[in-house]
Structure formats: structure tokens, C-alpha cells
Amino acid sequence: MGNKPAPPGQSAVVDLNRYPIAQEFVSRCAEFFDEVQNLRGSTKATGPVPPFYEDFCRYIRQGLDEGWVASLEVDGRRYRRGKIAEPSEATRFFSITAVYMDSSGCEDPKGEGEGEGVLPVLSGQYHKHPYGEINCVVQLDETAQLQGMSGWQGAGWTSPGPGTHHYPRVRGGRLVALFFLPAGEDHPISI
């Protein structure tokens with residue numbers, strides 16, 4: 001797959017030398033981190049913010065086609081992840097991880113709403129954000145949504161604050177969530 005081996009329980013890191021588009025993507029992420037470095041305290045979900053959002057969507061879709069985005073199966077083909085970059089000075093010490101989730105055809109009865117129109121929900125691994133995180137929701141299906149701390153979010157951004165924890169949940173189809181983690185910190189919680 002072009003990824004460096006990972007310790008047990010962790011995602012492999014994409015080999016940026018093998019995938020020039022992945023290197024371009026990480027460079028574009030570094031520009032994004034420079035742009036948002038002084039934003040603090042907002043956990044509100046927002047819609048797409050050009051031009052970064054459109055660029056990230058283009059890179060992620062190409063990365064899925066090339067096989068460097070979310071190539072490690074967590075729970076079958078519907079739930080995959082992959083670390084694109086470790087924290088570094090160039091990324092202002094954010095890690096960059098892509099998680100692919102697909103709720104279509106999901107047999108999980110935990111749908112939203114009642115009766116007709118109930119959407120199946122795919123739940124990911126429960127985890128906490130010691131330092132918060134920034135999420136970029138890249139819809140692969142127009143109806144796909146990620147449940148964040150402020151509710152369901154389609155195309156756009158969420159930003160759970162420090163100390164938050166949750167099951168990432170998806171409904172309405174396929175999406176990729178880009179997780180930008182300060183200091184690369186994201187921890188599964190044993191329950």
C-alpha cells in the first residue's frame with residue numbers, strides 16, 4: 001500500500017515519497033495550519049470554507065483512487081483509516097489522519113428518527129481528544145453526515161474541544177473525515 005509499518009494498534013504512515021499528490025496535500029495542510037493558527041475556542045460546526053475545503057476534497061478523492069487515503073481496515077471495508085502525516089514542525093505539530101466511513105447497507109439498527117426515512121448509522125471507535133481536534137468532513141455521497149459534538153454535519157468542519165470524547169458516527173452514505181490532531185493525540189477509551 002505504500003505505507004510505513006505501524007506499531008500494533010496504530011495506523012501506518014503514508015510514504016510521501018511514493019505519492020507526490022500526498023506530499024502536495026500535506027503541504028496544502030501546512031498552509032491551512034498557518035492560516036488558522038490563531039483561531040481558538042470555537043467548537044461550532046461550519047459548512048465548507050473555500051479554498052482549503054475544495055482542495056482537501058480533491059486531494060482526498062484522488063488519494064482514495066490511488067490507495068493512500070484510509071487504506072487500513074479497522075472494521076472491514078466500510079470503516080478504514082490511515083495516517084497521512086505525523087506531527088512535525090511543518091504541520092505545526094498536528095498529525096493528519098483520514099478515516100473512511102460508509103453507513104450504506106449497514107445493518108446496525110441504531111438509526112436516526114423513527115419509522116420511514118430512518119438512516120442506518122455506522123459507529124466508529126470510542127475515543128477522546130486530550131487537546132481537541134479539527135475535522136474536515138469530505139462527503140463522497142451528498143447525503144453523508146458525520147455526528148460531531150454539535151450534532152450532524154455534512155460537508156464542512158467540526159472542532160471538538162479539549163477533553164471531549166465520542167463515538168464517531170456516520171449516516172447517509174460514504175464520507176472521509178480528516179482529523180487534524182494537535183500533537184497527534186487521540187486516545188481510545190476502554191469501557
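Positions are given from 1, in the same order as the sequence printed here. Hydrogens, waters and symmetry mates play no part in the numbers below; they use all other heavy atoms, side chains included. Model, not experiment: these values are computed from the prediction.
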Assess whether side chain to side chain contact (heavy atoms under 4.5 Å, CB included) is satisfied between V26 and L16, documenting all intermediate values.
CA-CA 9 Å; V26 171; L16 299 179; 4.0 Å; yes

For a quick test of reading the model, state the closest non-hydrogen atom pair linking [X] to [Y] and the distance between them.
X	Y	answer
R18	P20	O-CD, 3.5 Å
C57	V138	SG-CG1, 3.8 Å
A144	G173	CB-C, 3.9 Å
A155	Q153	O-NE2, 3.0 Å
T164	P160	OG1-CB, 3.3 Å
C136	W157	CB-CZ3, 3.5 Å

Determine whether the aromatic ring centres of residues [Y] and [X] are separated by less than 6.0 angstrom.
X	Y	result
F94	F180	no
F25	Y19	no
H165	Y126	yes

Aromatic ring pairing H127/H129, orientation class (parallel under 30°, perpendicular over 60°, tilted between):
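Geometry flag for H129 against H127: perpendicular rings.
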
Okay, side chain of R80, backbone of Y100: is any donor-acceptor separation there less than 3.5 Å?
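Side chain of R80 to backbone of Y100, a donor-acceptor pair under 3.5 Å: no, none is there.
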
N135 side chain to F179 main-chain N or O, any donor-acceptor pair under 3.5 Å?
no

Answer yes or no for R92 and F33: cation-pi contact, defined as NZ/CZ to six-membered ring centre under 6.0 Å and angle to ring axis within 45°.
no

Are R81 and Q125 linked by a side-chain donor-acceptor pair shorter than 3.5 Å?
yes

With no hydrogens and no angle check, just 3.5 Å: does a side-chain donor-acceptor pair link D102 and S104?
yes

Please determine whether residues I134 and F93 belong to a single hydrophobic cluster, defined as Ile, Leu, Val, Met, Phe, Trp and Tyr linked transitively by side-chain heavy-atom distances below 4.5 Å.
no

Before you tell me yes or no, could you show the steps for V176 and V99 under side chain to side chain contact (heavy atoms under 4.5 Å, CB included), namely the whole-Å CA-CA distance, both residues' side-chain angles and the distance that decides it to 0.1 Å?
CA-CA 5 Å; V176 171; V99 177; over 6 Å; no

Do R28 and F56 have side chains that get closer than 4.5 Å, going by heavy atoms?
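Heavy-atom side-chain distance check passes, below 4.5 Å.
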
How far does [atom1] of [X] sit from [atom2] of [Y], to the nearest 0.5 angstrom?
X	Y	atom1	atom2	value
D15	W68	CG	CH2	12.5 Å
R171	T143	CZ	OG1	10.0 Å
T91	E86	OG1	CD	9.0 Å
Q145	L175	CD	CG	9.0 Å
E35	C29	CD	SG	13.5 Å
S71	K83	OG	NZ	13.0 Å

Determine whether S103 and V121 satisfy the following criterion, side chain to side chain contact (heavy atoms under 4.5 Å, CB included), listing intermediate values before the conclusion.
CA-CA 6 Å; S103 68; V121 172; 5.9 Å; no

Side-chain donor-acceptor pairs under 3.5 Å in residues 58-65, sequence neighbours left out?
| unit_1 | atom_1 | unit_2 | atom_2 | d |
| --- | --- | --- | --- | --- |
| Y59 | OH | E24 | OE1 | 3.4 |
| R61 | NH2 | Q139 | O | 2.5 |
| Q62 | NE2 | E66 | OE2 | 2.8 |

